[in-house]
Amino acid sequence: MVTRRDPRTDGMVLVMGVTGAGKSTFINTLKPGSVTVGHDLESTQAPPQAVQMFLDDEERLSVTVVDTPGFDDTWRSDAEILAEITEYLATQYALRIPLKGIIYLQPIYETRMKGSARKYFDMFRLLCGDQALKNVMLVTTRWDTVGQAPGQMGDALRREQELLDNWWKPMLKQGASAAQFKGTRGSAEAMVLELVRDRDEVVLDVQRELVDGHKEVGETTVGMPFMSELENDIVKWKRVLAKTDEDLAQARESERQLRSQGLRGDAMKDLTDHVRLLKDRRREAEKVVKQLETTQKKIQVRVGDKVRLQIGEKISSLGGRFDPVSTGITVFAAVLNITLTVVKFLVM
Ligand SMILES: Nc1nc2c(ncn2[C@@H]2O[C@H](COP(=O)(O)OP(=O)(O)OP(=O)(O)O)[C@@H](O)[C@H]2O)c(=O)[nH]1
Ligand SMILES: [Mg+2]
């Protein structure tokens, strides 16, 4: 654990949202010389990143804006991504970096909540709990691309209203705020500065559960629905596996009987095809069970303990040079393998 010794304050703002919501785009605009358009590949394939902005001459006050992994990733399951997100939260909390806010991004074009967007939103809601909602900013993105065709702005505003009146309403009622990201540096900075200046530091329930309570991700309030979904799926697929084994045993017995009766021809051919089909089904079910169990293991991790260990290792690798106040963010980035960009931003 790290304790603060001088008046310097580092704050952190996390940027969340499904894949394609615009997290990397948002963070890129905070870096000097960055552009917001025409980097489709770059933004989606860039490594995780964070931008640390110093807000005063003496470099005593900084805010670090952190990109987080989004759901709907082709290679990783939602539960794995949740495990990664909780690593970010546990590392920030264990390093005692004050969490000032969470910016939740949602493209203005895709306001209907379906599939993984819905699942992500439910997860986000549980992640924030009720206490942290004052530190949550619900932000629609891509406003800079609205308005080129007639009626587009009207449509976008209608969609925004739908979000405000439906999905976002319960959170807004409990203190969350809403904003539009215009695609510019100023627009992104205004949101970050509002959070860092006007909000108290917040600790999420999941951070206490993981770091103070030593829970596994799957045992936390936000992790439990993922754990039970995985458990149900494993039971379901194991049943498929058992049933396929039964069918396979039966088919093989029939095959044996036909053979002993010296029967060949169409009946035998059909049976052989059936056995092949069952074998394929078995292989498939076995693969799915294995994948589900691998994912399950990833949320059976005590993430708080894991990151504390990693923090300890990073700190000792720094030898005597570790100053908890000035290197907290550096350790955060190193533990999570995040590319950190430092920006001097003299507005105060
Ligand atoms: N013009 C404009 N394009 C945006 C905006 N937000 C996202 N995009 C575009 O949408 C695509 C996806 O945006 P990203 O910023 O990569 O989305 P992400 O949330 O980081 O997605 P993952 O990293 O996959 O989780 C990119 O082609 C961006 O250029 C925006 O506000 N304005
Ligand atoms: Mg991204």
Side-chain angles (χ1 to χ4, degrees), residues 12-52 64-89 101-124 127-128 136-149 152-153 155-157 159-160 163 167-168 178-192 194 333 336-341:
M12 189 164 282
V13 169
L14 297 178
V15 182
M16 297 189 64
V18 287
T19 284
K23 300 179 294 295
S24 306
T25 305
F26 183 92
I27 289 182
N28 281 335
T29 59
L30 294 168
K31 296 193 287 194
S34 64
V35 283
T36 46
V37 285
H39 55 88
D40 292 40
L41 285 177
E42 184 203 318
S43 62
T44 43
Q45 292 173 2
Q49 59 166 335
V51 176
Q52 182 177 26
T64 303
V65 186
V66 183
D67 203 349
T68 62
F71 276 23
D72 215 355
D73 190 293
T74 341
W75 306 107
R76 294 165 304 172
S77 69
D78 294 347
E80 278 173 69
I81 289 167
L82 171 70
E84 266 185 54
I85 292 171
T86 59
E87 269 188 41
Y88 284 47
L89 288 165
I102 305 178
I103 293 178
Y104 177 87
L105 300 182
Q106 163 85 46
I108 192 59
Y109 292 117
E110 294 155 29
T111 54
R112 272 172 304 150
M113 290 282 187
K114 289 196 294 189
S116 64
R118 170 73 201 262
K119 201 169 174 192
Y120 186 94
F121 186 74
D122 290 345
M123 181 278 294
F124 178 71
L127 198 74
C128 297
V136 170
M137 220 177 243
L138 302 167
V139 177
T140 37
T141 60
R142 309 203 191 190
W143 284 94
D144 56 315
T145 65
V146 173
Q148 282 138 18
Q152 260 196 359
M153 182 53 83
D155 283 349
L157 290 170
R159 277 194 296 267
E160 182 189 37
L163 276 176
W167 290 105
W168 289 359
Q180 298 176 345
F181 174 50
K182 311 277 192 197
T184 62
R185 185 174 180 187
S187 174
E189 274 172 358
M191 292 177 213
V192 172
E194 185 184 324
L336 297 164
N337 210 6
I338 289 176
T339 310
L340 183 67
T341 308

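As the structure is a prediction and not an experimental result, all values here were calculated from the model. Counting starts at 1 for both ligands and their atoms, in listed order.
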Heavy-atom distances under 4.0 Å decide this one: backbone, side chain, both or neither, for Asp67 against ligand 1? neither

With Asp122 via side chain to side chain contact (heavy atoms under 4.5 Å, CB included) - residues at least two apart: Arg118

What part of Trp143, side chain, backbone, both or neither, has a heavy atom within less than 4.0 angstrom of ligand 1? neither

For Thr141, check side chain to side chain contact (heavy atoms under 4.5 Å, CB included) against everything at least two apart and list the hits. Leu105, Pro107, Phe181

Between Lys23 (side chain) and Val66 (backbone), is there a donor-acceptor pair under 3.5 Å? no

Treating Thr68 as the side-chain partner and Val15 as the backbone partner, does any N or O pair qualify as donor plus acceptor under 3.5 Å? yes

What atoms in ligand 1 come closer than 4.0 Å to a heavy atom of Phe181? 31 (O)

Below 3.5 angstrom, do we get any N/O pair linking Ser24 and ligand 1? yes

Can you label the angle between the Tyr120 ring and the Phe124 ring as parallel, tilted or perpendicular, going by 30° and 60°? parallel

Nearest non-hydrogen atom to atom 10 (O) of ligand 1 belongs to which of Arg142, Gln180, Lys182? Arg142

With heavy atoms only and a cut-off of under 4.0 Å, state how Thr145 meets ligand 1: side chain, backbone, both or neither. side chain

Using non-hydrogen atoms of the residue, decide whether Gly20 is closer than 4.0 angstrom to ligand 1. yes

Taking only heavy atoms of Gly70, which atoms of ligand 1 are found under 4.0 Å from at least one of them? 25 (O)

Are Val146 and Met153 side-chain neighbours, meaning at least one heavy-atom pair lies under 4.5 Å? yes

Strictly under 4.0 Å, does any heavy atom of Val18 approach an atom of ligand 1? yes

In ligand 1, which numbered atoms sit nearer than 4.0 Å to a non-hydrogen atom of Ala21? 17 (O), 19 (O)

Any N or O on Gly17 sitting closer than 3.5 Å to an N or O of ligand 1? no

Based purely on interatomic distance, does Asp144 place a nitrogen or oxygen under 3.5 Å from a nitrogen or oxygen of ligand 1? yes

Does any N, O or S atom in Thr25 come within less than 2.8 Å of the Mg ion (ligand 2)? no

Ile81, Thr19, Asn28, Thr25: member with heavy atom nearest to atom 28 (C) of ligand 1: Thr25

Expected output: side-chain Arg159 to main-chain Ile108 donor-acceptor under 3.5 Å: yes

Are the side chain of Ser187 and the backbone N or O of Thr184 linked by a donor-acceptor pair below 3.5 Å? no

Do Leu163 and Leu138 come close enough that some side-chain heavy atom pair is under 4.5 Å? no

